[in-house]
*Asks:* 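Input: one structure, supplied below.
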Amino acid sequence: MKNISVQIIALLTLTFSSCSDFMEFPPVANFNIDSVFSKYSNAERLLADMYSYPIPLNFDTRAFGTWGTRMGGGTFASALTDEGQSFDVQQGYQVQRYYTGNVEASTCASWSSDFKGEDDYAVKWRTIRKAYIILNNIDRVPDATFPTNQNIEPKIQKERIKAEAKLMVALVYFEMWKRYGGVPILTREYVAADDFTTFKKGRATLQQTYEFINGLLDDVMTNYEGILPAKVTESTEYGRFPMALAYGLKAKVELYAASPLFNTDNPYSKELGANSNLICFMNYSKERWKKAADAATAAIDYCNSKGYAIINNSANQKNGMNYTAANIYYPNKGNTESIWGVLQSPNGLNWQYYTILRGLANPYGYAPNLVPLNQIARYEKDTTVSGHYKTWDNKISLDVPTIPSGTSANDGGKLVAAVARKAYEGLDPRFYASIAYNGVADYGTQPFVDMADAWVNTSSGGAIYPNLHGTFSFGKQRTTVLHYVRKFSRGYEFRESTMNPINIYMRLAELYLIRAEALNEYGGGQAQVESDLNLIRARSGMPPVVVGQSQLEMRETIAHERNIELFYEDQRWFDLRRTLQSEKLIPVAIYKVEIKKWFAKTNSPWPYKITYEKSYYNTRVWYNHWYMNPFPTQEVNKAYGLIQNPGW
């Protein structure tokens, strides 16, 4: 077909993709809409399928084949910024195209193409179609086929599913809106009997799309209270939407609406002319910041009244375990902060390989998500006063005490590692919860972590000593950027198959950060801004923010806190875009650290010192047309009114 129907109604016979833990569906050919809604167990499987990869999330467990993974290697969006870096030797990781500027609309908007990008446009329309099919057909399911184990009437169960479907449409539209601006608005699924001309949906304006999303959220919050659970408490239902997500998503929508990318009469590009209302509101209103603050307050109040809370066990502040619990624990294991996330199979394809160290025998890390020195340097010192940082500008040299003759390889390696990690002492506890680094002491059953290249003294200053390179060093693994993301598997190293990870989309801390930012931009709420930031910092044992900051100073403080607290949660790439800071903070020099262990002679069993030296790695690329994602060129060329974003 030569219109949007390729994306919206690609399959008029109902089909199902991969399943969640509560979905196993028989072959597609045997099912149609009538059979799906003939009993609850079938409809439940479609509901589960609606939740299958609805939006880009960090961990993508699809195979590397036809459907691939995000950016062709499981790279998180954080690696598009100076928060992350992908393994440069692996050119199959399509994030490299963003590093060099070789990003094209014909290839970067689909994960099924050869050159996979940050988003998969077609998947969103498939998810929307599933949601509308469920919404408009769930009442057909006979009441007698619904489960009775929770003593919930079938009518209530049907209404809950309708709320989930509406919330899914709102979520997917928000994820499109923040990437593309105004998009075609659909209010139902299309069927074969529809007039062909109704398929030709052009882009709605940014304002119209915003109103459509908010209308759905208001509908859910107003009409499904007491029906859609405030939080999901049944372990078999983890991954289904709670009402808290509707409140949280409302706050997020208003944050984006108030931010400079959208909240302006001066769009980042003039190319669209009279159609510029597709990419911004074409007016500025300070009141949008108040709406964002109010929405965040409503979400925080709702969550706090329903049992959500920032995790703050005083015994776990300085060891970073509060932060770890907030990011990987299940609600029934004490995570009172997670609002919604998608479950991942413990044995699912790929996920554990995305962040573990490259160099382990099994499992073997792919290294698509590394951490440059730029991010390491942003972690504050853990002192009584905020805003102090460790400098990496000067070479760090650490003396290794003499190790007694006859010391075993493991024991000696541990002694050397104890010296190596001194370079990272005294930082924000969230650093230790987020990053795997040279000498880290508790990386699963690994006796010690050695990322250092071996060098031996020579008359000319030194020479590489390859026989004694560390297991995880550049010399052995070619991994240039020697810091790894640990945040999502801390404490589960080498036993990831027991973890059942939650791919968290939103947690309570983000709502406090949204309110802090909105109040600071609106003005007049300084005490609340400081209180919100300090609540998050205190649970990780960090001191309060500096009081009495100007609006500009506080803006920088909030941006910093978002970077640290929401590290590698797919936020920074979009934060920099919505605040129009990408052109300043993306095309920057990226730095690595060269780690060397020095031996006095080629026959010396142990090094006598370890050095760390900041080193230039590369400079990133940015073009202003990247402020919006491109629609797939193939879709624009169908000429049904899908206007391409400027510059693409």
Side-chain angles (χ1 to χ4, degrees), residues 152 156 159-171 173-175 210-211 213-234 237-258 287-312 325-327 329-332 334-342 502 504-519 522 525 527-529 531-536 539 562 565-566 569 571:
I152 302 174
I156 299 300
E159 291 301 305
R160 176 188 177 182
I161 290 171
K162 290 178 186 178
E164 290 177 274
K166 290 179 179 180
L167 188 47
M168 179 62 79
V169 174
L171 174 65
Y173 263 95
F174 166 71
E175 289 293 325
Y210 162 78
E211 291 172 353
I213 297 167
N214 266 339
L216 287 165
L217 294 175
D218 291 342
D219 180 4
V220 171
M221 290 186 289
T222 301
N223 297 317
Y224 295 91
E225 180 61 42
I227 296 173
L228 186 64
K231 62 191 307 184
V232 175
T233 56
E234 293 290 330
E237 293 186 345
Y238 290 161
R240 293 182 72 174
F241 289 150
M243 179 63 82
L245 178 64
Y247 280 86
L249 186 57
K250 175 85 168 180
K252 203 162 184 174
V253 169
E254 299 296 357
L255 174 70
Y256 274 76
E287 294 304 307
R288 290 191 177 106
W289 285 113
K290 186 177 188 303
K291 290 181 71 174
D294 290 347
T297 296
I300 291 167
D301 290 348
Y302 179 84
C303 288
N304 287 338
S305 72
K306 301 298 183 180
Y308 294 90
I310 295 294
I311 299 171
N312 191 6
N327 281 286
Y329 284 10
Y330 272 36
N332 65 353
N335 191 347
T336 57
E337 193 168 325
S338 173
I339 293 175
W340 178 68
V342 175
I502 301 180
I504 294 177
Y505 176 79
M506 180 179 288
R507 53 192 180 89
L508 186 57
E510 183 181 354
L511 298 180
Y512 284 98
L513 290 167
I514 289 174
R515 182 166 70 180
E517 181 177 351
L519 286 174
Y522 188 69
Q528 186 65 65
V529 171
S531 175
D532 287 347
L533 296 179
N534 291 339
L535 176 68
I536 294 170
R539 67 92 163 271
R562 284 185 66 88
E565 178 66 24
L566 304 178
E569 293 182 41
Q571 299 279 0

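Residue numbers count from 1 along this sequence.
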*Asks:* Is Asn335 reaching over with its side chain to a backbone N or O of Ala326, donor-acceptor style, under 3.5 angstrom?
*Replies:*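 Such a contact is found between Asn335 side chain and Ala326 backbone.
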*Asks:* How many angstroms lie between CD1 in Ile227 and CD1 in Ile152, if you round to the nearest 0.5 Å?
*Replies:*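 Reported to 0.5 Å precision, the distance equals 11.0 Å.
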*Asks:* Roughly how far apart are Leu566 CG and Met506 CE, rounded to 0.5 Å?
*Replies:*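 Going from the CG atom of Leu566 to the CE atom of Met506 covers 10.5 Å.
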*Asks:* Under the rule for ring-ring contact (aromatic ring centres under 6.0 Å, His included), what residues qualify as partners of Tyr329, not counting sequence neighbours?
*Replies:*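 By the ring-ring contact (aromatic ring centres under 6.0 Å, His included) rule, Tyr329 matches no residue at all.
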*Asks:* Just wondering, do Ile311 and Thr336 contact through their side chains at under 4.5 Å, heavy atoms?
*Replies:*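 Of all side-chain heavy-atom pairs linking Ile311 with Thr336, at least one is under 4.5 Å.
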*Asks:* Taking all atoms of both residues into account, what is the closest heavy-atom pair of Phe241 and Leu228, and its distance?
*Replies:*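 That closest heavy-atom pairing would be O-CD1, 3.4 Å.
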*Asks:* Which residues pass the side-chain hydrogen bond (donor to acceptor under 3.5 Å, both in side chains) test with Asn534, sequence neighbours left out?
*Replies:*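 Counting only residues at least two positions away or on another chain, Asn534 forms no side-chain hydrogen bond (donor to acceptor under 3.5 Å, both in side chains).
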*Asks:* Counting C-beta onward and ignoring hydrogens, is there a side-chain heavy-atom pair between Asn223 and Asp218 closer than 4.5 Å?
*Replies:*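 Side chain of Asn223 against side chain of Asp218, heavy atoms only: no contact under 4.5 Å found.
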*Asks:* Output side-chain donor-acceptor pairs under 3.5 Å for residues 160-167, partner residues at least two apart or in another chain, one line each.
*Replies:*
unit_1, atom_1, unit_2, atom_2, d
Arg160, NH1, Glu237, OE1, 3.1
Arg160, NH1, Glu237, OE2, 3.4
Arg160, NH2, Glu237, OE1, 3.2
Lys162, NZ, Asp139, OD1, 3.3
Lys162, NZ, Asp139, OD2, 2.8
Lys162, NZ, Glu159, OE2, 3.0
Glu164, OE1, Arg240, NE, 3.4
Glu164, OE1, Arg240, NH2, 2.5
Glu164, OE2, Tyr51, OH, 2.6
Glu164, OE2, Arg240, NE, 2.9
Lys166, NZ, Asp219, OD2, 2.8
Lys166, NZ, Tyr224, OH, 2.9

*Asks:* Charged N to carboxylate O below 4.0 Å: is that the case for Glu254 and Arg515?
*Replies:*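 Here Glu254 does not pair with Arg515 in a salt bridge, since their nearest N and O are not under 4.0 Å apart.
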*Asks:* Taking the side chain as every heavy atom from C-beta outward, state whether Tyr247 and Leu511 have any atom pair closer than 4.5 Å.
*Replies:*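 No; the side chains remain at least 4.5 Å from each other.
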*Asks:* Do you know the tightest heavy-atom contact between Tyr210 and Ala257?
*Replies:*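 Residues Tyr210 and Ala257, closest heavy atoms: CE1-CB, 3.7 Å.
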*Asks:* Determine the minimum heavy-atom distance between Ala516 and Asp532, stating which atoms define it.
*Replies:*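 The pair with the smallest heavy-atom distance is N-OD2, 4.0 Å.
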*Asks:* Decide yes or no for Glu565 and Arg539: does some side-chain heavy atom of the first lie under 4.5 Å from some side-chain heavy atom of the second?
*Replies:*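 In contact.
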*Asks:* Any side-chain to backbone donor/acceptor pair from Ser531 onto Ala527? Under 3.5 Å, distance only.
*Replies:*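 Answer holds: no.
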*Asks:* SG of Cys303 to CD1 of Ile339: how many Å apart, nearest 0.5 Å?
*Replies:*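 CD1 of Ile339 is found 4.0 Å from SG of Cys303.
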*Asks:* How about Leu217 and Ile213: do any of their side-chain heavy atoms sit closer than 4.5 Å?
*Replies:*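 Yes, side chains in contact.
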*Asks:* To the nearest 0.5 Å, how far apart are CE in Met168 and CG in Leu245?
*Replies:*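 One finds 9.0 Å between CE of Met168 and CG of Leu245.
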*Asks:* For a side-chain contact (heavy atoms from CB on, under 4.5 Å) check, start with the C-alpha distance between Arg288 and Tyr522, then their side-chain angles and the critical distance, and finish with the verdict.
*Replies:* CA-CA 9 Å; Arg288 290 191 177 106; Tyr522 188 69; over 6 Å; no
*Asks:* Holding to side-chain hydrogen bond (donor to acceptor under 3.5 Å, both in side chains), I want the full list of residues that pass it with Tyr505, two or more places apart in sequence or in another chain.
*Replies:*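 Only Glu175 meet the side-chain hydrogen bond (donor to acceptor under 3.5 Å, both in side chains) criterion with Tyr505.
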*Asks:* Between Leu535 and Ile310, which heavy-atom pair has the shortest distance, and what is it?
*Replies:*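 For Leu535 and Ile310, the tightest heavy-atom pair comes out as CD2-CG1, 3.9 Å.
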*Asks:* With a 4.5 Å cut-off on side-chain heavy atoms, are Tyr302 and Met243 touching?
*Replies:*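 Side chain of Met243 against side chain of Tyr302, heavy atoms only: contact under 4.5 Å found.
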*Asks:* Between the side chains of Arg507 and Asn327, is a donor N or O closer than 3.5 angstrom to an acceptor N or O?
*Replies:*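 Side-chain D/A pair, Arg507 to Asn327: present.
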*Asks:* For the atom pair CD1 (Ile536) and CG (Leu513), what is the distance rounded to the nearest 0.5 Å?
*Replies:*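 The distance works out to 3.5 Å.
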*Asks:* Who are the side-chain hydrogen bond (donor to acceptor under 3.5 Å, both in side chains) partners of Tyr308, not counting sequence neighbours?
*Replies:*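 Testing Tyr308 for side-chain hydrogen bond (donor to acceptor under 3.5 Å, both in side chains), a comparison that skips the adjacent residues, returns none.
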*Asks:* Work out which heavy atom in Ala230 is nearest to a heavy atom in Pro242; give both atom names and the distance.
*Replies:*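 Heavy atoms only, the tightest pair is O-CB, 3.2 Å.
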*Asks:* What distance do Ser305 atom OG and Ile300 atom CD1 have between them, rounded to the nearest 0.5 Å?
*Replies:*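 Nearest 0.5 Å value for the OG-CD1 distance: 12.0 Å.
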*Asks:* For Ala293, give me all partners under side chain to side chain contact (heavy atoms under 4.5 Å, CB included), at least two apart in sequence or on another chain.
*Replies:*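 Ala293 satisfies side chain to side chain contact (heavy atoms under 4.5 Å, CB included) with Ala518, Leu519 only.
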*Asks:* For a quick test of reading the model, state the closest non-hydrogen atom pair linking Ala296 to Ile514 and the distance between them.
*Replies:*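 Reported closest heavy-atom pair: CB-CG2, 4.0 Å.
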*Asks:* Going by heavy atoms in the side chains, are Asn304 and Lys306 under 4.5 Å from each other?
*Replies:*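 In short, these two side chains do not touch, never coming nearer than 4.5 Å.
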*Asks:* With the side chain counted from C-beta on, respond yes when Glu510 and Glu569 share a heavy-atom pair under 4.5 Å apart, and no when they do not.
*Replies:*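 Glu510 vs Glu569: side chains apart.
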